[in-house]
K.L.:
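Please read through the structure below; I'll follow up with questions.
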Amino acid sequence: MSPRSIVVIGGNGKIAQRLTKLLVSSGHRHRITSIIRSPSQADSIKALSPELVTPLVLSLETSQSADYTKVFEETTADVVYFIAGGSGKPGENGESALDRTRKVDYEGSIMIYDALEAVSGKKPRLIMISALDIRAPDAPFPDHYDEADRALSARIRVAHPVYYEWKYKADIELVRHREDASGLAIDVAGGPSDIKARLDEVIKKGESDFPL
């Protein structure tokens, strides 16, 4: 695969930094624009690859959709990863956990959807990092959940109720923004099965956690 221009939103997080290291490895060497919310994070992000990683300070909480469209166009982005999150925790400026998570995980997601649609010419591909068991909170468990799945689902929803509420709503909005989206929600976790074969099997079955 030839090197790509990639934008990572939420670049300072653990998942984002691990992804960035993989993307600039000798086997790939993609150009990364890592969007972070604080100048204090820039040095550690740049250190991931001084040659290939460019930190850019831009906050989902204070910026506008047009700011991100400008970044996507100026970097001629091929792929945009959305890995930002409010973590279900209160903000530094006194925002409640609910307000900050809604602002980052939900409103921030919609802002990026709009920014991508506004890109002139070829639009970047969006890879939205979600979480396991993001589904309608009042819906019955999917048929494929076993007892351990149901117990885990109950535990994480008690532990992170705000995060799961807004992440679910953000995922639903992504489907609504895309005419070509199927709305088929699939959890992908580790296991011994061939991932392509399992995806083909689940897609053919057509069972989804999204009630559209």
K.L.:
What are the two closest heavy atoms between Gln64 and Thr62, and how far apart are they?
P.N.:
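Nearest pair, atom of Gln64 first, then Thr62: NE2-O, 4.1 Å.
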K.L.:
Roughly how far apart are Ser65 OG and Leu116 CG, rounded to 0.5 Å?
P.N.:
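Output value for this atom pair is 8.5 Å.
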K.L.:
Quick check: are there more than 12 heavy atoms from other residues, nucleotides or ligands sitting under 6.0 Å from CZ of Arg150?
P.N.:
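Count over threshold, so yes.
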K.L.:
Does any part of the side chain of Leu60, heavy atoms only, come nearer than 4.5 Å to the side chain of Ile112, both counted from C-beta?
P.N.:
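Yes, close enough: below the 4.5 Å cut-off.
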K.L.:
Contact between Val80 and Tyr68 at the side-chain level, heavy atoms closer than 4.5 Å - yes or no?
P.N.:
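No. Closest side-chain heavy atoms not under 4.5 Å.
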K.L.:
May I ask you to decide if the ring planes of His28 and His30 are parallel, tilted or perpendicular, using 30° and 60° as cut-offs?
P.N.:
parallel
K.L.:
Apply side-chain contact (heavy atoms from CB on, under 4.5 Å) to Arg102 and Glu165, showing your working.
P.N.:
CA-CA 9 Å; Arg102 182 186 66 238; Glu165 175 186 357; over 6 Å; no
K.L.:
Quick one: does Met128's side chain get under 4.5 Å of Tyr113's, heavy atoms only?
P.N.:
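SC-SC contact between Met128 and Tyr113 confirmed.
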K.L.:
If we only count heavy atoms from C-beta on, is the Leu152 to Asp133 side-chain gap below 4.5 Å?
P.N.:
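Heavy-atom side-chain distance check fails, nothing below 4.5 Å.
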K.L.:
Measure from the side-chain N and O atoms of Ser153 to the backbone N and O of Asp149, and report whether any donor-acceptor pair falls under 3.5 Å.
P.N.:
no
K.L.:
Quick one: are Val119 and Pro124 in side-chain contact, heavy atoms under 4.5 Å?
P.N.:
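A side-chain contact under 4.5 Å exists here.
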K.L.:
Taking the side chain as C-beta and beyond, is there a heavy-atom pair between Ser130 and Lys167 under 4.5 Å?
P.N.:
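Side-chain contact under 4.5 Å: yes.
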K.L.:
Once rounded to the nearest 0.5 Å, what's the spacing between atom CD1 of Ile35 and atom CG of Asn12?
P.N.:
13.0 Å
K.L.:
Heavy-atom count around Lys123 NZ within 6.0 Å, excluding the residue itself: above 12?
P.N.:
yes
K.L.:
State whether the number of non-hydrogen atoms from other residues, nucleotides or ligands found under 6.0 Å of Lys46 atom NZ is greater than 12.
P.N.:
yes
K.L.:
Does any non-hydrogen side-chain atom of Ile156 lie less than 4.5 Å from one of Leu132?
P.N.:
no
K.L.:
Looking at Ser5 and Thr75, would you say the former's side chain and the latter's main chain have a donor-acceptor pair under 3.5 Å?
P.N.:
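It does hold such a pair.
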